[in-house]
Every structure is written in C-alpha cells, then in structure tokens.
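A note on names: the letters A, B, ... follow the listed sequences, proteins ahead of strands, and every chain is numbered from 1. For the numbers below, each heavy atom of this structure counts, side chains included, while hydrogens, waters and symmetry mates do not.
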Amino acid sequence: MPLRTPLYDQHVQQGGRMVEFAGWEMPVQYAGILAEHEAVRARVGLFDVSHMGEVVFRGPGALAALQRLFTNDLSRIADGQAQYGCLCRESGGIVDDVVVYRRSAVDLLVCVNAGNRQKDFEWLRDHAGEGAAVENESDAWAQLALQGPKAAEVLQPLTGARLSAIGTFRFADAEVAGVPCTVARTGYTGEDGFELFCRPDQAPRLWEALLQAGTPAGIAPCGLGARDSLRLEMAYRLYGSDMDDETTPLEAGLAWVVKLDKGEFIGRDALRRQKEQGLSRKLVGFVLTDAGIARHGYPVLQDGRPVGTVTSGTRSPSLGTSIGLAYVPPALAAEGSSFAVEIRGRPAAAKVVKTPFYERSKP
Amino acid sequence: MTLPDDLKYTKEHEWCRVKGNRAIIGITDHAQSSLGDIVYVELPDVGDAVKKGESFGVVESTKAVSELFAPVSGKVVEVNDPLADAPETINEDPYEEGWMIQVEISDEKELAELLDAASYGKFVEEEQA
C-alpha cells in the first residue's frame with residue numbers, strides 16, 4: 001500500500017492523476033505537464049513535496065556531527081541559511097543529496113529525498129557519534145513548494161514576514177495564512193520560490209490558501225512530471241537517476257559542494273584520491289541534434305561502441321529541444337564534444353553543452 | 001472518453017477507420033489522455049509494410065515512450081507528416097487531425113478481429129478497474 005501525504009484528498013479533488021513514486025501515491029500532473037511547467041516558468045506553481053523526509057540534528061555536537069557526514073561546509077553559512085550538499089559513504093558513493101537548514105549550531109534540519117528517508121535516517125543516526133540527537137521527523141512535517149517569478153507576490157499578502165528580507169537559500173519562521181511555517185527561499189525548479197514546512201494537519205489549509213491567493217496571478221497546482229522537466233532544464237541532478245551509491249559527487253559534477261579542505265568527513269579520503277587520480281567518467285549535459293528523445297538508461301555510443309549511459313532525458317518544454325544528462329568518458333566531456341545516443345537501436349547525434357540548459361530571465 | 005461508433009479498436013488502444021481497402025490509423029482518446037502531453041512521434045515511411053499486432057512506430061509523452069501496434073497488416077500509403085512538428089495534435093484531436101498512417105489493407109479478414117466501440121469501451125473500463 002503506497003504512502004499518502006496529508007494533501008492526498010486535495011490532489012484527487014483537484015484532478016491530480018495519481019501515480020506511485022518512491023513508495024508514495026503522488027500526482028504526476030493535473031492539467032498537463034507542459035501547462036504546469038509553463039506556469040512555473042512564467043507565473044507560479046504549487047507543489048506538494050511532503051514526501052520528502054526531514055532528519056533533525058540537535059544538541060551541543062549537532063553541527064560538528066553533521067559536518068562529518070556532509071560534503072559541503074556548514075561553517076560557511078550563518079544561522080537561518082540553507083546549504084546543498086551530499087552525504088557520502090567511505091567509498092565516496094552518494095548516500096543522498098540533501099539540503100541542510102541551519103537553525104543554529106545546535107539545531108539543524110536535513111531535508112532528504114523521499115525514496116531515501118529511512119536509509120538516510122539510519123545512515124545519519126549510525127554515524128553521528130556522540131553529542132547529537134538524530135531524529136527522523138519526516139512524519140512531523142508537510143512541505144509545500146511555491147515556485148515561479150510571481151511566488152513572492154502571491155505569498156507576501158499571506159504572511160507578516162518581510163519576504164524581501166529572506167534571501168536565496170535563507171529561511172525564517174513565520175505564519176502563512178495563520179499556519180505556523182518555516183518559510184525557506186529554496187526549491188528545485190530554477191525559479192525564485194519558497195518551500196514551506198508546516199505541521200501535516202495544517203497542510204490542507206495552507207495549500208488551499210496559497211491556491212486561492214495565487215488565482216489572480218495564474219497559479220497552477222503542479223505534479224511530479226513538471227517538477228522533473230523543470231529540474232532537468234536546470235541540470236539539477238535527481239537521486240536514483242543521475243546519481244546513487246555507486247557514483248561520487250565528483251563524477252556527478254557536484255565538485256562545488258565537496259569541500260575537501262574543511263576537515264574530516266566521511267568519504268573525504270576517497271574523493272581526494274579520486275580527484276588526484278582523475279575521473280573515469282563525468283556527468284554532462286547534452287542536446288540531441290537528431291530527432292528523438294533520449295531516456296534514462298539509453299546507451300551513449302562513440303564510433304558505434306557503448307561508452308556511457310543517459311541518466312535523464314526529456315524534451316525541454318522551455319527550449320523545444322531534446323536535452324539530457326549522461327555519464328561519458330572524460331575525453332567526451334568537454335563542451336562541444338559529440339557522441340551518439342542509441343534510441344531504439346538507432347544512433348542519434350548528440351552534443352555536449354554548458355548547463356543549465358535553461359537560463360532564468362533576470363527581473 | 002470519446003469513442004466514435006464508426007471506428008474499430010484494438011486492445012493496445014489504436015483505432016482504425018476503414019474506407020474501401022484503406023485503413024486510417026491512430027490512437028484512441030483514452031490512449032492520448034493516459035499518455036499526457038505528446039511531444040514526439042516516430043512513424044514509418046510511405047511504402048513500408050506493417051503487420052497486424054506488430055510495432056509500427058512510437059509516441060512519446062513528456063514522461064514515457066509508447067509503442068504503436070498495427071491494427072491490420074498492409075502497406076503504408078500515407079503518413080500524417082505534420083505530426084512531426086505538431087505532435088500535440090494527437091492530444092487535441094486524436095480521431096481526425098491526429099491520425100497517424102493510412103494503410104492499404106492486405107488481409108480484410110483481420111478486420112473481423114478488431115473491437116467495436118462498445119467492446120473497446122468495456123475493455124478500457126475493466127482495465128482501469
């Protein structure tokens with residue numbers, strides 16, 4: 001029996017087409033993936049991301065404990081800021097990619113991928129050591145994502161918090177439509193927007209209030225389909241598709257969240273070795289120059305021989321071209337390199353391009 | 001779900017409009033709705049042979065790839081080329097502008113094996129239950 005978020009009834013009532021995803025029954029779309037994608041790029045969309053998990057570190061050793069489990073450097077951010085990074089195994093393989101919200105040095109929240117809730121919690125708990133209490137609070141939080149250029153315009157009338165004071169990757173506690181929330185200027189669509197953490201029983205009220213407030217701005221409830229096409233246009237990696245326990249952040253192109261000089265953390269030695277020895281494969285963004293759509297698992301060919309694999313691919317709704325991410329040998333990873341993707345037995349020409357595929361227009 | 005009475009249907013969700021010895025072929029309203037936004041279509045060329053029950057192309061939505069199965073055997077005599085640039089036509093008008101190929105039927109007996117609108121409608125209901 002798949003799990004349901006506190007917003008299940010809203011999804012069904014509002015015409016969401018429900019599918020199973022990572023053990024959850026979630027809406028893949030309402031009106032249509034393309035319309036929802038466009039709403040987020042041009043106006044604003046609302047997502048239920050309550051299936052994501054929350055693991056909390058508390059206690060005098062909380063910051064130090066999480067630093068030893070996280071590839072990025074939490075000492076570089078202040079209280080009230082969030083940071084993206086990876087949890088790694090000793091081998092350097094990625095346990096998960098997560099966002100850490102630093103309330104204080106003694107209170108940090110780790111937002112983890114839905115499919116990894118239990119795995120991450122056990123990993124964090126078993127490796128946190130003394131000095132930090134690690135709790136799986138996933139069931140205590142619902143999470144809504146309001147994303148798009150009009151997100152602040154929609155949200156501001158519902159809250160007393162001054163949203164202009166909450167910068168990118170910052171957060172604050174505030175009531176939204178009378179619901180106590182943590183309001184974070186984070187998201188995974190490439191647009192301005194907010195992620196709102198609240199108590200599960202309050203989530204339906206918050207959802208309805210946001211949809212109502214967003215009606216004049218042309219808000220759309222959005223499903224997992226648009227979430228996937230939006231994140232891929234930004235070349236944001238998806239755990240389970242673009243990376244997993246067998247890939248490292250360096251291979252996945254996430255070197256910018258690996259701070260080898262910050263001090264000891266699990267996976268550091270392996271990542272340092274890998275960096276010194278050089279990578280055997282790299283994740284790159286590509287566009288198909290031939291017709292077709294590259295999909296997860298399709299082989300990458302060079303001179304007719306398989307040399308890599310597509311990990312994500314779709315037709316970009318914003319660009320109208322076929323885009324994707326693939327692991328390829330370093331020799332093929334430079335911008336402008338060309339290779340082929342095998343689509344149903346036939347090679348389709350592809351070219352490595354700079355990512356993100358989509359550039360947000362500056363206001 | 002729209003189900004015109006004058007068409008024949010398959011359990012793989014294609015429809016077939018028979019005109020003389022020709023079959024005009026597409027996918028059903030139910031199929032396009034289940035797939036969601038169609039963003040790519042791959043069809044055979046004029047002159048290609050298709051065989052009943054075998055794949056003659058694919059449609060792709062934002063999320064998935066679906067094969068197209070021929071309702072009857074025959075030779076492709078016309079292809080709806082504008083679909084290449086406007087695959088969304090299949091979502092908008094699956095039974096008219098969204099047709100895919102026209103086939104010169106090689107074995108009329110195969111037509112008897114196709115479903116009528118009522119049987120197809122019942123099949124879809126059962127499949128969804």
Side-chain angles (χ1 to χ4, degrees), chain A residues 15-21 26-41 220 222-233 238 241 287-288 290-298 310 312-324 341-346 348, chain B residues 1-2 12-13 27-46 48-51 53-70 79-94 98 100-101 124-125 127-129:
Chain A
R17 183 180 295 164
M18 307 305 284
V19 297
E20 193 169 334
F21 171 80
M26 298 295 290
V28 65
Q29 66 167 63
Y30 296 83
I33 293 173
L34 296 179
E36 292 160 30
H37 184 108
E38 194 268 337
V40 173
R41 287 277 179 253
C222 299
L224 296 175
R227 194 170 164 78
D228 192 51
S229 53
L230 288 159
R231 71 91 197 165
L232 185 51
E233 283 186 344
L238 176 65
S241 291
V287 294
L288 279 188
D290 278 343
I293 300 176
R295 304 275 180 182
H296 176 85
Y298 286 9
V310 173
S312 285
T314 194
R315 185 154 185 92
S316 160
S318 303
L319 306 172
T321 54
S322 284
I323 60 170
V341 173
E342 187 184 322
I343 301 179
R344 292 179 289 280
R346 283 203 304 269
Chain B
M1 173 172 67
T2 320
E12 286 80 33
H13 309 286
I27 61 167
T28 66
D29 186 37
H30 169 71
Q32 69 75 20
S33 158
S34 310
L35 283 165
D37 298 313
I38 293 170
V39 292
Y40 183 73
V41 55
E42 204 173 271
L43 298 173
D45 294 322
V46 168
D48 286 356
V50 299
K51 193 153 184 263
E54 291 187 2
S55 172
F56 70 85
V58 295
V59 279
E60 300 199 31
S61 68
T62 27
K63 291 298 286 178
V65 184
S66 294
E67 287 204 75
L68 299 162
F69 298 97
V79 175
N80 190 355
D81 292 324
L83 291 182
D85 293 321
E88 65 276 11
T89 310
I90 300 163
N91 290 118
E92 290 157 6
D93 194 5
M100 293 173 169
I101 55 170
V124 170
E125 267 174 43
E127 205 181 42
Q128 283 177 325

Applying a strict 4.5 Å limit to non-hydrogen atoms, the region of B:Ser33 in contact with chain A is both
By ring pair (Phe, Tyr, Trp, His ring centres under 6.0 Å), A:Phe21 pairs with (sequence neighbours left out) A:His51
Are any of the side-chain heavy atoms of B:Glu67 and B:Phe56 separated by less than 4.5 Å?
no
Checked A:Gly225, A:Gly292, A:Ser229 vs chain B; the most non-hydrogen pairs under 4.5 Å come from A:Gly292
Bottom line for B:Ala64: the part with an atom under 4.5 Å from chain A's heavy atoms is backbone
If one checks every heavy atom of B:Val41 against chain A at 4.5 Å, the contacting part turns out to be neither
_A:His37 versus A:Glu233, side-chain donor and acceptor atoms under 3.5 Å_ = yes
Honestly, the part of B:Glu60 sitting under 4.5 Å from a heavy atom of chain A is both
Heavy-atom closest pair (A:Asp228 atom, B:Lys63 atom, distance to 0.1 Å) is OD2-NZ, 3.8 Å
Tightest non-hydrogen contact, residues A:Ile33 and A:Val28, listed as CG1-O, 4.2 Å
With chain B, the option among A:Leu224, A:Leu34, A:Thr314 that has the most non-hydrogen atom pairs under 4.5 Å is A:Leu34
Taken in chain and number order and not counting sequence neighbours, the residues that satisfy ring pair (Phe, Tyr, Trp, His ring centres under 6.0 Å) with A:His296 are none
Greatest number of non-hydrogen atom pairs under 4.5 angstrom with chain B, of A:Arg315, A:Arg295, A:Arg17, falls to A:Arg295
Whatever's closer than 4.5 Å to a heavy atom in chain B on A:Ala291 counts as both
